[in-house]
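Okay, so here's the structure we're looking at.
All residue numbers in this chain count up from 1 along the given sequence. Not measured: the values here are computed from a predicted model.
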Amino acid sequence: MKEKIKVLYGLLYSHFGPRGWWPVYCRSKNAVIYRPGIYKPKNEREAFEICAGAILTQNTSWNNVLKCLLNLARAGKLSPDKILSMPVKELEEKIRPCGYYRQKAARLLDFCLFWEEEKDSLRFLHDSALRERLLSLKGIGPETADSMLLYAFCRPSFVIDSYTRRIVSRITLREFDGYEALKKKFEQALPRDLKKYNEYHALLVDTAKNFCLKKKPLCVTCPALKICLFGRRNGANRKNIRLS
């Protein structure tokens, strides 16, 4: 598994190149943009926006999150103080596209309070202590916390999501027990490097979306086919075969 994790990164990076995660709102373009080669938020505003996106993306697609972020940004409300000053019903309406909007509005408001009260002290916390502090917040689980750590706080903490689990299960034809176990596998196999963690997570997302999650998985053209047991077992060298 350790060797496959190392090889997989090279295969995916060679195919896709740098991904530019995490996307942030660009005021001059009035759009959410990707910035390949940039691995840190430019300022506190961008760091907060990344955290807000990590909360909104729970159990929904990123395209839906983009709509919510744009709704808030174009209304001049994409900041913790502005969100806290909004009527709850207005906030719920702005983030309705991401689903579970009432629950997420409550979580976002809680996070805004946390951000306003503790943002200046968070940078002094050790990586593990900061992770525990984020996990103590209602509605912040391991995936959300690690996304915030990696993309907003620039701490090398590998993110495990459903895309990663899907790809790993297909490459190895086995399931791993729980989030922390798979996170540990990746962090033991890779150097503790912010840029590599950033790129790898984004590459796994794109691989899953473009190949693994299709109704008929596109194993024949998948950049991971070389080491994928699922693709081999299902005869990915034959055309028009249904893989599931």
Side-chain angles (χ1 to χ4, degrees), residues 1-23 34 36 39 53-54 57-66 98-100 141-147 149-151 156-244:
M1 179 63 185
K2 185 175 181 179
E3 190 59 31
K4 280 197 170 186
I5 288 174
K6 293 178 179 178
V7 173
L8 179 61
Y9 177 80
L11 293 173
L12 302 187
Y13 192 86
S14 294
H15 180 85
F16 287 106
R19 309 316 300 142
W21 272 57
W22 193 285
Y34 293 80
Y39 300 99
T57 198
Q58 295 172 354
N59 300 308
T60 192
S61 72
W62 183 250
N63 285 337
N64 290 332
V65 177
L66 290 179
C98 69
Y100 302 99
E143 181 184 335
T144 304
D146 287 329
S147 295
L149 281 165
L150 179 62
Y151 294 107
S157 188
F158 201 88
V159 180
I160 301 296
D161 56 18
S162 59
Y163 301 122
T164 302
R165 290 191 290 272
R166 171 67 66 89
I167 292 171
V168 169
S169 69
R170 288 191 166 176
I171 285 175
T172 63
L173 292 182
R174 58 170 293 196
E175 299 289 342
F176 284 88
D177 296 329
Y179 185 100
E180 300 298 335
L182 191 51
K183 174 182 172 68
K184 186 176 181 180
K185 289 285 185 184
F186 273 85
E187 291 185 348
Q188 288 179 337
L190 301 169
R192 189 174 170 78
D193 182 80
L194 177 72
K195 294 180 181 179
K196 180 160 284 189
Y197 282 15
N198 180 310
E199 289 290 1
Y200 208 156
H201 174 234
L203 289 166
L204 289 166
V205 171
D206 273 349
T207 302
K209 287 182 176 180
N210 287 284
F211 299 97
C212 289
L213 296 183
K214 299 295 185 181
K215 188 173 182 180
K216 293 182 180 180
L218 304 178
C219 296
V220 176
T221 55
C222 178
L225 178 60
K226 182 178 179 180
I227 60 171
C228 183
L229 296 180
F230 175 87
R232 289 172 162 180
R233 185 193 66 180
N234 287 276
N237 58 314
R238 301 198 304 272
K239 294 182 179 179
N240 302 319
I241 190 168
R242 181 183 179 84
L243 302 175
S244 61

Check step by step if side-chain contact (heavy atoms from CB on, under 4.5 Å) holds for M1 and V168. CA-CA 9 Å; M1 179 63 185; V168 169; 3.6 Å; yes
Rounded to the nearest 0.5 Å, what separation is found between the CG atom of L225 and the CD1 atom of I171? 10.0 Å
Test item: L204 and L12 side chains (from C-beta on) under 4.5 Å apart, heavy atoms: yes
Can H15 and D206 be counted as having a side-chain donor-acceptor contact under 3.5 angstrom? no
Between Y179 (side chain only) and I160 (backbone N and O only), is there a donor and an acceptor less than 3.5 Å apart? yes
OG1 (T221) and CZ (F211) are apart, to the nearest 0.5 Å, by 4.5 Å
Using a 3.5 Å distance criterion without hydrogens, assess whether the side chain of D161 forms a donor-acceptor pair with backbone atoms of E143. no
Is there a side-chain contact between C212 and F230 (heavy atoms, below 4.5 Å)? no
Tell me whether the NZ or CZ atom of K185 lies within the 45° cone about the ring axis of F176 and under 6.0 Å from its centre. no
If I take atom CD1 from residue I5 and atom OG1 from residue T164, how far apart are they, to the nearest 0.5 angstrom? 10.0 Å
Check the side chains of E199 and Y39 for a donor-acceptor pair under 3.5 angstrom, ignoring hydrogens and angles. yes
Would you check, one step at a time, whether the test side-chain contact (heavy atoms from CB on, under 4.5 Å) holds for R232 with C219? CA-CA 9 Å; R232 289 172 162 180; C219 296; over 6 Å; no
